[in-house]
2 protein chains.
Amino acid sequence: MTLTTSHSSSAPVTADTVSSAVSQAIHQHRLAPGTKLGEDELSDIYGVSRTIVRTALQSLAHQHIIEIKRNRGAFVAQPSLTEAQEVFEVRELLEPRTARSAAQKATANDVALLQDHITQEHTAIDAGDRGRALYLSGKFHVEIARIAQHQTIADMINVLVARSSLIIALYWRRESAICESQAHHALINAIGDNDAARAEELMQSHLVDLHSALNLKELPAVEQDLRTMLLGNQGR
Amino acid sequence: MTLTTSHSSSAPVTADTVSSAVSQAIHQHRLAPGTKLGEDELSDIYGVSRTIVRTALQSLAHQHIIEIKRNRGAFVAQPSLTEAQEVFEVRELLEPRTARSAAQKATANDVALLQDHITQEHTAIDAGDRGRALYLSGKFHVEIARIAQHQTIADMINVLVARSSLIIALYWRRESAICESQAHHALINAIGDNDAARAEELMQSHLVDLHSALNLKELPAVEQDLRTMLLGNQGR
DNA sequence: GCGCACATTATTGTATACAATGCTTGCCCA
DNA sequence: TGGGCAAGCATTGTATACAATAATGTGCGC
């Protein structure tokens, strides 16, 4: 729920600084869907004028991570059921082929980077930092697109992953366990072996798994609002 | 090359107004890749402050339609060879399936709308308004995504189509004829018949056709710059 | 005449002031 | 007591003023 200023360094605070800080906070579930992002509040936190903050917010709105309601302000997005379905459908269209391509192009160095990624993920889990683990597991997918050397898809997946994080915040089923790192591990192996077909298939089933771990049957908007109101940004 | 203010109506000019006006001008090849978009210039044209113009430009930059160089200004984007390849690869991943879905869901009314689209396209061609014809043929693809009732994909295709327009401006081969409307006509028929498999296949080959009508072998950035400089926005 | 340094100018980046909108609160009246 | 209306307040939208940067032009020295 807090927006840490994190690194103190003397680098000038740009719109991108603010934008990625907020994005990361949302991604890590430190900001719940529906939370109001006041402009004055943000400019205080980051020590810049509202001009910069507004630029950052517009950028996030373009990624569907927040929603800007005219004369009302910016709020962390609350993806609808339909939108949630759509996001995963698009991911299922883009990512398997991308994983295939990554498997074809991956170098030993790339694989090492992915391994490192998983390691960090485990570290975060052990430290009980569930938010950071979620963030890293998302970045894993972006990293694969980078290995596939496809900037356009990488950008798209970056956004889709962030949106997925919001979807998970809203629709994740309590019952379903987090068996993610297994799937990621299998993917690394396939990519390391340059086994394109297997990588594609694994990514496909991984996404289907994720998709089915969501409760996308109902949970109307009203109830969402009520819940966030009652639990005050940190429930769930 | 000119940015017409078009409709005079008394509606207030918002960032979206400016954004879509510029977007449409680019889409119609009235603004060539590389053209500088000065902030003062635009605020004069549309009678709003630079604040609004900047918001509009940021929006266009997010869509990769223009490029904002820090302290230098905004320029109509010049997609690289790699980017051009990537854009069409993504379209080939997204659009065939979307066409399939559209064929499954299309109503008689939808088909009529598509027909109307084609008619307008022909009218534009007959009137010699090549720019408008290009614009309409792009919107045709967006319309199919709308029929498929997939907002997320529709948004993506909208952007990809605009980027494609820039790619066409830079890489279109003089030799290749414009046999587009035939492909679109065939697609309408498949969709009207609710023939999902055929629609998917037709869209696939249509995109491959488009892709192969581009000269994506070479044509280095330097030459592009020089050319636009020397020919002043209307060559090619 | 050529090239480099410096002054000038034009344009973008940022902050702030003001306007407009919507929300809240408290009052009035039924 | 409860609903509705109005005034005040908080917040966002827009315009403008100022600062910083890059582009341009000028003059000097070689």
Side-chain angles (χ1 to χ4, degrees), chain A residues 1 3 5 9-22 31 34-78 222 225-226 228-230 232-233, chain B residues 3 5 9-22 31 34-62 64-78 222 225-226 228-230 232-233:
Chain A
M1 172 155 181
L3 279 171
T5 45
S9 122
S10 60
V13 176
T14 82
D16 282 331
T17 315
V18 179
S19 165
S20 49
V22 174
L31 286 171
T35 306
K36 168 97 190 259
L37 300 171
E39 296 180 359
D40 284 327
E41 191 179 2
L42 289 172
S43 44
D44 277 352
I45 293 175
Y46 295 104
V48 289
S49 75
R50 279 178 51 218
T51 309
I52 308 289
V53 170
R54 288 191 125 244
T55 305
L57 291 177
Q58 280 157 23
S59 170
L60 294 170
H62 281 293
Q63 301 172 49
H64 295 93
I65 293 174
I66 70 172
E67 188 186 355
I68 295 179
K69 302 180 184 175
R70 184 170 178 92
N71 288 321
R72 295 277 323 278
F75 303 82
V76 178
Q78 297 183 312
V222 179
D225 280 347
L226 236 136
T228 43
M229 291 307 167
L230 295 175
N233 296 348
Chain B
L3 279 171
T5 45
S9 118
S10 60
V13 176
T14 82
D16 283 330
T17 314
V18 179
S19 166
S20 50
V22 174
L31 285 170
T35 306
K36 168 96 190 256
L37 300 171
E39 297 181 357
D40 284 328
E41 193 179 0
L42 289 173
S43 43
D44 276 354
I45 293 175
Y46 294 104
V48 288
S49 75
R50 278 179 52 221
T51 309
I52 307 288
V53 170
R54 287 189 125 242
T55 305
L57 291 177
Q58 279 156 23
S59 169
L60 294 169
H62 280 293
H64 295 94
I65 292 175
I66 69 172
E67 188 186 357
I68 295 179
K69 302 181 184 175
R70 185 174 177 88
N71 287 322
R72 297 274 326 276
F75 302 83
V76 178
Q78 296 182 315
V222 179
D225 280 348
L226 237 135
T228 44
M229 292 307 168
L230 295 173
N233 298 347

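All chains are named by letter (A, B, ...) in the order of the sequence lines, taking the proteins before the strands, and each is independently numbered beginning at 1. Computed from heavy atoms alone, side chains included, the values below leave out hydrogens, waters and symmetry copies.
Between A:V13 and A:Y46, the shortest heavy-atom contact is CG2-O, 3.9 Å. The heavy-atom pair separating A:E39 from A:L57 by the smallest distance is CG-CD1, 4.1 Å. The two residues A:S43 and A:V48 make their nearest non-hydrogen contact at CB-O, 2.8 Å. Across all their heavy atoms, A:I68 and A:A74 have their closest contact at CG1-CB, 4.2 Å.
With rounding to whole Å, A:D44 atom CG is found 12 Å from C:dT16 atom P. Straight-line distance from the CD atom of B:E41 to the P atom of C:dA10: 15 Å, rounded to whole Å. Spacing between atom CD1 of B:I68 and atom P of C:dT14 amounts to 12 Å, rounded to whole angstrom units. Atom CD1 of A:I52 is separated from atom C1' of C:dT16 by 13 Å (rounded to the nearest Å). Per the geometry, CG belonging to B:L42 stands 19 Å off P belonging to C:dA10, to the nearest Å. If you measure from atom CD of B:Q58 to atom C1' of C:dT14, you get 12 Å, rounded to the nearest angstrom. Taking atom CD of B:E39 as the reference point, atom C1' of C:dT14 lies 12 Å away to the nearest angstrom. At whole-Å resolution of the value, CZ in A:R50 and P in C:dA19 are 15 Å apart.
A heavy atom lying under 4.0 Å from DNA chain C marks the following residues of residues 70-77 of chain A, by number: A:N71, A:R72.
Using a distance-only test at 3.5 Å, with no hydrogens or angles considered, a donor-acceptor pair links the side chain of B:S20 to the main chain of B:D16.
The CD1 atom of B:I66 sits 11.5 Å away from atom NZ of B:K36, with the distance rounded to the nearest 0.5 Å.
Applying the 4.0 Å criterion to OP1 and OP2 of D:dT14, one finds that B:T51 has every side-chain N and O outside that range. The side chain of A:K36 places an N or O atom within less than 4.0 Å of a non-bridging phosphate oxygen (OP1 or OP2) of D:dT12.
With the nearest nucleotide of DNA chain C identified for both B:D40 and A:V48, B:D40 has the one nearer the 5' end.
With sequence neighbours excluded, no residue forms a side-chain hydrogen bond (donor to acceptor under 3.5 Å, both in side chains) with B:R72.
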